[in-house]
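Accompanying notes for the structure given below.
Every number for a ligand or one of its atoms is a count from 1 in the order of the listing.
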Amino acid sequence: MIEKPVYVTRSSLPTYEDYIEMIRPIWDTHKLTNMGDYHKRLERELKDFLSVPNISLMVNGHIALEMIIQAMDFPVGSEIITTPYTFVSTTHAIIRNGMIPVFCDIKLSDFTIDEAKIESLITDKTVAILPVHVYGNVCNYLEIDNIAKRNNLKVIYDAAHAFGETIDGVPVESLGDASVLSFHATKVFNTIEGGAICFWKDDLYEKLFDLKNFGIRSEEVVASVGANGKMNEFCAAMGLCNLKYVKKEIQKRAEKSFYYDERLTSRSDIRLRKQNLRINSNYGYYPVLFSSEEHRNKVYDRLREHNIYARKYFYPITADQQCFQGVYKNLDLKNARYVSERILTLPLYSDLEETEIERICTLIVS
Ligand SMILES: Cc1ncc(COP(=O)(O)O)c(C=O)c1O
């Protein structure tokens with residue numbers, strides 16, 4: 001018997017009635033986009049929820065990354081130190097801004113950028129560090145902050161995986177000069193498609209507003225060259241609905257994660273994510289490190305045969321993607337490549353059933 005498919009994630013939705021109720025007024029106003037009431041309200045509510053100084057909503061996380069890099073006005077050809085162990089968006093956003101990504105290896109302990117290796121990569125062209133809180137594992141922000149201060153660099157965090165987390169009681173989105181969120185359908189908190197930039201400097205708000213709205217200041221004045229990065233009202237409405245449920249969503253994800261932990265911790269040939277008590281996690285992902293690439297691939301194939309779609313997030317590392325044609329292949333990124341060859345991200349979402357977790361775990365250990 002073919003079991004019903006289980007994907008790596010399943011988008012969370014509010015109740016149908018909640019969403020319909022929320023979007024009903026749009027039929028009176030006919031205001032579908034262009035920074036409408038829901039856009040404004042979601043910015044306010046998220047600013048409160050995340051306890052961040054400023055926030056600017058965007059059409060998606062990738063454009064948010066591109067726009068914050070652009071807003072920093074770095075000279076073309078500047079270097080940005082970043083991790084190759086991430087979704088390609090992080091690397092693409094640097095390159096599409098005319099900057100050069102300088103890849104720094106990761107730590108085997110939590111797969112985030114190895115802060116001890118950052119300083120040796122700094123040149124007179126380096127302008128910023130762009131680390132990623134991969135799987136919600138928060139980077140060593142204290143040391144990254146020190147390095148940035150010592151070397152006069154900006155820090156932009158890709159916080160796409162870290163929605164609502166805190167570390168040492170500090171909201172993760174308030175770290176660095178700016179932090180970028182993704183509200184993609186697959187994320188812990190979604191607006192269907194969407195993203196945001198959280199930042200400290202108040203005057204960035206207007207700059208980002210211009211960048212996401214063609215630089216339009218008034219009907220007849222376009223003051224700068226911008227693009228279109230606006231979030232529409234239907235997405236903002238979805239965000240407002242989902243925000244009401246997100247704490248419950250995270251709680252349910254935590255329960256599923258603990259259930260996996262119970263079933264898999266006794267295995268010596270796989271490594272699970274360690275609980276970091278300094279971090280209030282959002283349980284966005286359940287990554288498992290296998291003993292070898294062969295072991296990982298066997299499990300991946302076995303799960304697929306049973307209609308279970310775990311994912312090799314992130315394989316290959318971005319530096320080794322086909323689009324870079326081997327340019328970075330000689331870089332010392334051995335930890336990133338080591339993890340990438342052995343990682344598997346298991347299905348995790350709030351309504352994943354315990355029987356499904358049982359089934360997945362049985363297949364992994366068999
Ligand atoms: C680490 C990381 N950065 C950036 C992005 C891009 O976000 P979006 O899909 O909202 O454009 C993602 C999305 O999956 C991501 O995982």
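Nearest to atom 3 (N) of ligand 1 among the protein's heavy atoms is Asp158 OD2, 2.7 Å. Atom 12 (C) of ligand 1 has as its closest protein heavy atom Phe87 CD2, 3.5 Å.
Proximity of the aromatic rings of Phe258 and Tyr283 is defined here by a centroid distance below 6.0 angstrom, and this criterion is met.
The closest side-chain heavy-atom distance from Tyr85 to Ile113 is not below 4.5 Å. The shortest side-chain heavy-atom distance between Leu46 and Leu243 falls under the 4.5 Å cut-off. At a threshold of 4.5 Å between non-hydrogen side-chain atoms, the residues Leu153 and Thr126 count as touching.
Each of the atoms 6 (C), 7 (O), 8 (P), 11 (O) of ligand 1 lies under 4.0 Å from some heavy atom of His62. In the vicinity of Thr86, heavy-atom distances shorter than 4.0 Å reach the ligand 1 atoms 1 (C). Taking every heavy atom of Gly194 and a limit of under 4.0 angstrom, the matching atoms of ligand 1 come to 10 (O). Interface of Ser89 with ligand 1, defined as ligand atoms under 4.0 Å from a residue heavy atom, comprises 4 (C), 5 (C), 6 (C). Close approach of ligand 1 to Asn60 (heavy-atom distance below 4.0 Å) involves ligand atoms 10 (O), 11 (O).
No more than 12 heavy atoms of other residues, nucleotides or ligands lie within 6.0 Å of CG in Asp37, so this atom counts as exposed by the packing criterion.
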Worksheet item: Between Asp210 and Arg217, is a salt bridge (charged side-chain N to carboxylate O under 4.0 Å, His left out) present by the stated rule, with each step listed?
Response: CA-CA 8 Å; Asp210 285 346; Arg217 282 289 169 80; 2.6 Å; yes
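Ligand 1 has an N or O atom lying under 3.5 Å from an N or O atom of His161, backbone or side chain. Any N or O atom pair closer than 3.5 Å counts here, and Leu65 shares no such pair with ligand 1.
Selection from His133, Lys187, His184 by nearest heavy atom to atom 13 (C) of ligand 1 gives Lys187. With distances taken over non-hydrogen atoms, the option nearest atom 7 (O) of ligand 1 out of Ala159, Ala64, Ser182, Ala185 is Ser182. Of the listed residues (Ala196, Ala160, Ala162, Gly195), the one carrying the non-hydrogen atom nearest atom 15 (C) of ligand 1 is Ala160.
Residue Glu193 does not touch ligand 1, judged by heavy-atom distances below 4.0 Å.
Proximity of Ala93 to ligand 1 is not established, as no heavy-atom distance is less than 4.0 Å.
In summary, the side chains of Asn54 and Asp202 do present a donor paired with an acceptor at a separation below 3.5 Å, with no hydrogens or angles considered. A side-chain donor from one of Asp168 and Tyr141 sits under 3.5 Å from a side-chain acceptor of the other.
Annotation: cation-pi pair Lys312/Tyr300 present, NZ/CZ under 6.0 Å from the ring centroid and within 45° of its normal.
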